[in-house]
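Read the structure below first, then the notes.
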Amino acid sequence: MKEFLFYLIFALSAITYFVGASQLGRLSRKSIIDRLYFMSAMLSAGWGLFTGLVLIQQDRNLAAVFRAIGMIHIFGLLICFTNMLIYWSDVRGKIKRWTAGFVWLGALLYPFVVQPGNVQFEMTVYGMSYRIVPGVWSVAYVVYCATAAVNMMIIIIYMLRKSIRKREKDIAYAMMLCVLIVGFGCALDALLQFIGLSAFPISTLGQFAAQIVLCRTYRFYNGTRVTLENMSKFVYYSVDEPVFVFDEEERLCIVNNGATIFLGLSAEECCKLQLNDIFVLERDVFRFRGSKNRVEARCWQKNNICSITIDKIYDDYMDIIGYIVIVHDVTERVRMLERLEREKKRADKANEAKSTFLANMSHEIRTPLNAIMGMNEMILRESEKPGIIEYANNIQNASKTLLVLINDILDFSKIESGMMEVVEREYSLKDMLNALKTECSLRAEEKGLDLSFVVPGDTPSTLLGDEVRVRQILLNILTNAIKYTMKGSVTLTVSHKKMTPDVVQFTFAVADTGIGIKEENIDRLFGKFDRINEEQVHAIEGTGLGLSIVDRLLKLMNGTVSVESVYGEGSTFTVCLPQKIAGSETIGSLQDNKKKNEKSRGNAPLFMALDAKILAVDDNKVNLTVIRGLLRKTKVQITCAASGRECLEYAAKEAYDIILLDHMMPGMDGIETLERLKNMPDNKSKDAAVIVLTANAMAGVREMYLEKGFDDYLSKPIDGTELEKLLVKYLPEKCIINNAE
Ligand code: ADP
């Protein structure tokens with residue numbers, strides 16, 4: 001009997017210990033309740049163990065020592081139970097303070113309760129036992145245990161009353177059962193002694209029963225917590241994407257709701273399938289290196305396009321136990337991408353069409369304008385009648401305005417479509433400023449304005465940048481200043497600051513004494529087609545595009561433009577622009593315009609060249625007439641060809657010095673003609689410079705023509721002086737008679 005009882009209690013202790021320890025070990029994150037539960041299991045096991053040890057003792061003293069150690073566990077267990085209840089019930093205020101505080105009184109009571117005089121040991125049939133000797137501490141111990149039990153019952157009642165959820169009530173009832181079982185065991189123990197028998201370890205056996213209830217309660221409670229273990233099931237079923245879990249043999253074992261909806265089958269029906277029954281896939285799709293594989297596949301049933309992720313599942317020894325397959329239906333996305341691609345292509349086509357339209361429009365307008373301006377220039381050159389010259393001057397001004405407008409619209413649409421490119425080349429700032437001064441001083445003079453350029457002599461002159469665009473920006477701002485100033489002056493001040501050894505920040509400030517701009521209008525200045533001060537500027541020609549082009553061009557070149565203005569007094573437009581330095585030359589002094597203007601040629605040509613032979617090729621007869629007319633006074637010998645084919649025939653017969661070649665011609669265009677000219681074995685004009693004369697004047701086309709092999713480029717409408725300058729450049733020196741001489 002003795003041994004049996006001991007082994008029984010010992011076995012129960014061991015089970016309690018292992019159950020508690022394994023529960024705790026399984027958790028990745030431990031909360032207070034986990035620790036309290038673990039401690040209660042350890043204390044329960046300890047209580048049992050030492051009770052067992054008392055039972056098998058022969059020596060009363062040793063039995064007293066084991067009983068004393070065992071009692072530590074009893075007190076500890078009471079503290080643990082009480083705290084678990086406090087935690088679960090979430091009791092607060094006085095009840096919490098009282099119950100939590102009271103239970104710790106056991107620590108004070110313990111040294112007195114375990115005094116040898118409080119119990120009397122005696123050997124019984126079931127082993128060493130004891131009898132409580134009535135006294136103060138024995139009574140105190142009983143009162144303490146009873147009060148602790150009552151406290152726990154109070155918390156349980158509190159819990160039952162306050163809890164709204166069923167699971168909380170379940171926990172409360174389970175804990176009530178625990179308290180009752182332990183209480184019942186202890187009461188029986190006491191009763192035995194009351195009727196004169198020694199203590200039988202009923203309370204010890206009872207607390208094991210309570211521990212079983214506690215273990216179940218704790219597990220139940222754990223099942224209701226939001227933990228990775230508990231939630232994975234919910235996550236699995238709530239994921240909309242189809243999820244399939246295959247075992248090691250690649251048999252489908254688990255499917256989620258998403259998968260059954262995706263396949264339109266029940267879970268049981270799904271589980272009869274293999275992955276290849278669902279998707280068009282290679283046979284060995286599960287054989288891959290690493291732990292994850294992603295494949296694209298079509299679903300047999302619905303023809304959906306899917307992106308499939310396969311993850312291997314491993315056991316603790318890293319052996320594969322299965323595969324998780326998550327399916328992303330990307331049909332919509334793929335279709336949308338295809339749609340977007342189609343839309344993009346359509347938009348690109350539309351954009352291309354727009355550019356082609358603009359280029360064509362430019363070409364179509366320029367061709368008749370070439371005739372108008374060319375013929376008009378001939379009238380200006382050849383007429384002696386003041387009335388006719390005045391009319392022709394008006395035609396010239398209007399045509400120039402139209403030309404500026406066409407150029408602006410072309411530039412603007414090119415910038416807007418992101419096709420405007422900045423082409424960096426070496427250029428001379430000095431030459432550019434001189435040219436600008438010459439160009440603007442004529443207009444300024446006409447209006448009686450004082451135009452001055454203030455440029456420090458040490459300003460770097462050889463720069464690397466887009467000369468055409470820088471010139472365009474400055475010309476635009478200077479022209480505006482002259483346009484919107486009725487009297488006074490226009491001054492361009494240039495200053496510079498070295499940023500790095502080879503980059504200089506230039507500041508070009510154009511100040512005028514013109515009409516000025518109201519402060520509230522300054523923000524609108526750079527908007528497209530926005531003209532301000534309408535009442536004052538409507539008589540002045542303009543489109544409202546110039547400054548927006550300036551602003552956008554500067555942005556392309558990392559520059560800025562700003563305005564300061566006093567309405568009625570004048571404005572200052574400041575352009576800041578970084579440019580690279582390409583040489584050490586400085587500007588020194590700019591040319592004096594007055595002297596230059598005095599040298600004005602009137603109607604005389606730049607040169608004469610009686611022996612020079614020029615071949616002009618254009619399908620438009622009027623254009624050929626214009627070229628002839630513009631060059632009449634230079635006395636050059638002009639042969640006209642009406643097509644590329646004719647051009648080749650003439651070139652085979654005669655050695656020309658220059659070929660002026662139109663681009664857009666029916667049949668063989670200018671570029672093809674040039675190519676054939678170059679590859680023609682019997683070309684007598686091999687050394688001729690070929691200049692493209694074209695109405696295609698979009699920004700950047702010059703570079704395109706030079707790349708194709710033309711020696712130079714001149715846009716239509718042809719400017720007589722520009723044409724003469726080009727001829728001087730390419731004609732052999734020996735046949736030129738300089739007009740100035
Ligand atoms: P446009 O001169 O062709 O009208 P811009 O874009 O060059 O177009 O200029 C926009 C507007 O800014 C002009 O219509 C004019 O009202 C105003 N503006 C530009 N420059 C000046 C200036 N120097 N003084 C006064 N107003 C100016």
Side-chain angles (χ1 to χ4, degrees), residues 362 365 397-416 420 436-437 439-454 468-494 507-557 559-577 697 699:
S362 141
I365 298 176
N397 286 341
S399 315
K400 278 186 181 164
T401 310
L402 183 58
L403 195 59
V404 169
L405 176 62
I406 296 169
N407 287 342
D408 276 358
I409 292 176
L410 283 179
D411 279 351
F412 191 79
S413 50
K414 188 146 195 194
I415 296 173
E416 289 275 273
M420 178 70 88
L436 277 174
K437 206 172 172 191
E439 199 167 340
C440 296
S441 59
L442 267 173
R443 298 187 201 191
E445 247 171 55
E446 277 169 18
K447 289 185 82 174
L449 301 175
D450 213 358
L451 176 75
S452 52
F453 279 29
V454 182
V468 179
R469 300 299 155 206
V470 178
R471 189 175 176 283
Q472 186 178 357
I473 291 166
L474 294 180
L475 185 63
N476 221 311
I477 290 178
L478 280 165
T479 319
N480 273 353
I482 296 167
K483 264 195 327 193
Y484 300 111
T485 303
M486 305 314 152
K487 61 173 196 289
S489 63
V490 171
T491 313
L492 166 72
T493 311
V494 182
T507 307
F508 302 93
V510 179
D512 63 51
T513 55
I515 58 172
I517 303 154
K518 286 183 188 153
E519 202 169 339
E520 66 265 27
N521 288 333
I522 285 192
D523 286 346
R524 282 172 45 204
L525 271 184
F526 302 101
K528 49 187 167 183
F529 299 108
D530 217 352
R531 302 200 77 196
I532 50 178
N533 296 345
E534 271 297 342
E535 66 289 352
Q536 294 196 44
V537 304
H538 76 275
I540 303 166
E541 274 162 359
T543 55
L545 266 183
L547 284 180
S548 64
I549 293 176
V550 164
D551 184 47
R552 284 161 168 82
L553 283 178
L554 278 166
K555 277 187 184 130
L556 282 178
M557 297 194 281
T560 56
V561 55
S562 56
V563 193
E564 274 173 31
S565 186
V566 178
Y567 186 57
E569 287 184 21
S571 323
T572 303
F573 282 74
T574 309
V575 168
C576 293
L577 181 69

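Sequence positions, counted from 1, serve as the residue numbers for this chain. Counting convention: from 1, in listed order, for ligands and their atoms alike.
Near Leu545, meaning under 4.0 Å from one of its heavy atoms, ligand 1 places the atoms 6 (O), 8 (O). The contact set between ligand 1 and Leu525, taken as ligand atoms under 4.0 Å from a residue heavy atom, comprises 12 (O), 17 (C). With ligand atoms numbered from 1 in the order given, ligand 1 contributes 1 (P), 2 (O), 3 (O) to contacts under 4.0 Å with heavy atoms of Lys483. Counting atoms of ligand 1 from 1 in the listed order, those under 4.0 Å from a heavy atom of Ile515 are 25 (C).
Residue Ser571 places a heavy atom under 4.0 Å from ligand 1. Ligand 1 lies less than 4.0 angstrom from a heavy atom belonging to Phe573.
Heavy atoms of Ile517 found under 4.0 angstrom from ligand 1 belong exclusively to the side chain. Of all the heavy atoms of Ile477, none lies under 4.0 Å from any atom of ligand 1, so neither backbone nor side chain is involved.
Inclusion of Tyr484 in the set of residues having an N or O under 3.5 Å from an N or O of ligand 1 is warranted.
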Is there a side-chain contact (heavy atoms from CB on, under 4.5 Å) between Glu564 and Thr574? Walk through the geometry before answering. CA-CA 8 Å; Glu564 274 173 31; Thr574 309; 6.0 Å; no
Go through the steps for Val494 and Phe453 under the test side-chain contact (heavy atoms from CB on, under 4.5 Å), then give the verdict. CA-CA 8 Å; Val494 182; Phe453 279 29; over 6 Å; no
In sequence, state the C-alpha distance, the side-chain angles, and the governing distance for Gln472 and Asp411, and then conclude on side-chain contact (heavy atoms from CB on, under 4.5 Å). CA-CA 11 Å; Gln472 186 178 357; Asp411 279 351; 2.6 Å; yes
side-chain contact (heavy atoms from CB on, under 4.5 Å) between Phe526 and Leu554, worked out: CA-CA 12 Å; Phe526 302 101; Leu554 278 166; over 6 Å; no
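Heavy atoms only, all atoms of each residue included: Ser571 and Ile517 are closest at OG-CD1, 4.0 Å. Of all the heavy atoms in Gly488 and Thr513, the pair that sits closest is CA-OG1, 3.2 Å.
Taking 4.5 Å as the limit, every side-chain heavy atom of Phe573 sits out of range of all side-chain heavy atoms of Ile473.
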